[in-house]
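Data first, discussion second: the structure below is written as structure tokens.
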Amino acid sequence: MHNVFAFILHNQDIRINVIAMATKRKTAQLKSVKPSGKREDNFFELVYEVARQIPKGRVTSYGAIAACLGAKSSARMVGWAMNGAHNIKPRVPAHRVVNRNGMLSGKHHFTPPDNMEKLLRQEGIRVKNDQVVEFDTLFWDPGTELGF
DNA sequence: CGCCTGACGAAAC
DNA sequence: GGTTTCGCCAGGC
């Protein structure tokens, strides 16, 4: 199907999570890449790969990404990952990741800050007071949507 | 080393 | 139901 996951595996927890994902979702392929040796690289790669699955015109939350990776309490790390998501290839649509209330909490990390909102608007998403309008219906949950 | 700061979020007040 | 606390963990100092 649409998403093939190529992950760098090193940290055991992450490995377990990835295997769990691949098992749940039969179409997902688990492909080992040379280990970088650093946990955050692996986790960040996972985060980036999930974020890339967010459809245009939809949004998700930091926590939702963390949860689907089995790291429910590591939402902050997802935010941290997004901090380094600029200039990553393939492109990571970091503007589609907001906090659990649909607020553009990461806007100050865009240049200029209004760019996050601008990018969302270009995809037909309405933003009011740094808040995604109709967040509930636009919310894309990687856990259920990807079947992880 | 320790201490602090977060694009977070849930639980506890 | 708003505010504070706390778990989380990478990086900066």
Side-chain angles (χ1 to χ4, degrees), chain A residues 3 5-25 30 32-148:
Chain A
N3 43 349
F5 288 75
F7 293 143
I8 300 167
L9 301 178
H10 182 72
N11 179 277
Q12 201 169 18
D13 293 339
I14 296 302
R15 173 185 287 275
I16 289 166
N17 291 330
V18 176
I19 290 172
M21 293 193 301
T23 304
K24 280 188 179 178
R25 189 161 189 285
L30 187 59
S32 237
V33 184
K34 60 177 180 181
S36 71
K38 278 192 169 185
R39 178 202 160 112
E40 68 271 20
D41 292 345
N42 307 332
F43 184 68
F44 284 17
E45 279 307 313
L46 295 173
V47 170
Y48 296 151
E49 199 54 42
V50 172
R52 290 187 189 106
Q53 314 303 321
I54 308 169
K56 201 173 183 180
R58 303 288 298 278
V59 291
T60 193
S61 68
Y62 305 96
I65 293 176
C68 95
L69 291 174
K72 199 183 166 200
S73 58
S74 295
R76 299 182 86 162
M77 286 303 99
V78 175
W80 183 251
M82 288 302 136
N83 201 30
H86 308 285
N87 306 323
I88 291 284
K89 53 191 176 191
R91 216 56 103 203
V92 178
H95 61 283
R96 297 181 193 143
V97 186
V98 298
N99 78 2
R100 71 165 199 127
N101 299 314
M103 290 193 291
L104 280 57
S105 47
K107 66 176 288 185
H108 296 299
H109 295 267
F110 286 77
T111 48
D114 286 343
N115 206 35
M116 185 176 189
E117 179 173 338
K118 187 180 170 187
L119 290 168
L120 290 171
R121 287 188 191 283
Q122 285 174 358
E123 300 182 358
I125 296 175
R126 285 180 298 142
V127 179
K128 197 172 189 179
N129 298 327
D130 292 336
Q131 177 92 23
V132 172
V133 178
E134 292 182 50
F135 173 66
D136 290 345
T137 54
L138 292 178
F139 180 71
W140 182 86
D141 181 18
T144 57
E145 304 280 0
L146 296 177
F148 290 164

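Lettering follows sequence order; numbering is per chain, from 1.
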(message) Quick one, A:Tyr62 and A:Val97 - any side-chain contact, counting heavy atoms below 4.5 Å?
(response)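 SC-SC contact between A:Tyr62 and A:Val97 confirmed.
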(request) For residues A:Asp114 and A:Lys107, determine if any side-chain heavy atom of one lies less than 4.5 Å from a side-chain heavy atom of the other. (result) yes
(request) May I ask you to check whether over 12 heavy atoms, not counting those of A:Arg121, lie within 6.0 Å of atom CZ? (result)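 Enclosed: over 12 neighbouring heavy atoms sit under 6.0 Å from CZ of A:Arg121.
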Nucleotide nearest [X] when distance is taken to its side chain, options [options]:
X: A:Met116; options: B:dG6, C:dC8, B:dA7; answer: B:dA7
X: A:Met77; options: B:dC8, C:dC9, B:dA7; answer: C:dC9
X: A:Asn99; options: B:dA10, C:dC9, B:dC8; answer: B:dC8

How many whole angstroms separate atom [atom1] of [X] from atom [atom2] of [N]?
X: A:Tyr62; N: B:dG6; atom1: OH; atom2: P; result: 15 Å
X: A:Lys72; N: C:dC6; atom1: NZ; atom2: P; result: 19 Å
X: A:Met103; N: B:dA7; atom1: CE; atom2: P; result: 13 Å
X: A:Lys107; N: B:dA7; atom1: NZ; atom2: P; result: 14 Å
X: A:Phe44; N: B:dC8; atom1: CZ; atom2: C1'; result: 14 Å
X: A:His109; N: B:dC8; atom1: NE2; atom2: C1'; result: 12 Å
X: A:Trp80; N: B:dC8; atom1: CH2; atom2: P; result: 12 Å
X: A:Ile65; N: C:dC8; atom1: CD1; atom2: P; result: 20 Å

(request) Taking all heavy atoms of A:Phe110 and all of A:Asn115, pick out the closest pair and write down the distance. (result) CB-CB, 4.1 Å
(message) Please give the distance between the C1' atoms of B:dA7 and C:dG2 as a whole number of Å.
(response)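 Nearest-Å result for B:dA7 against C:dG2 at atom C1': 22 Å.
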(request) Could you work out the separation of C:dG1 and B:dC8 based on their P atoms and round it to a whole Å? (result) 24 Å
(message) What I want to check is whether an N or O donor and acceptor connect the side chain of A:Arg76 with the base of B:dG6 at under 3.5 Å.
(response) yes
(request) Looking at every strand, decide which applies to A:His95 at a 4.0 Å heavy-atom threshold: base, sugar-phosphate, or nothing. (result) nothing
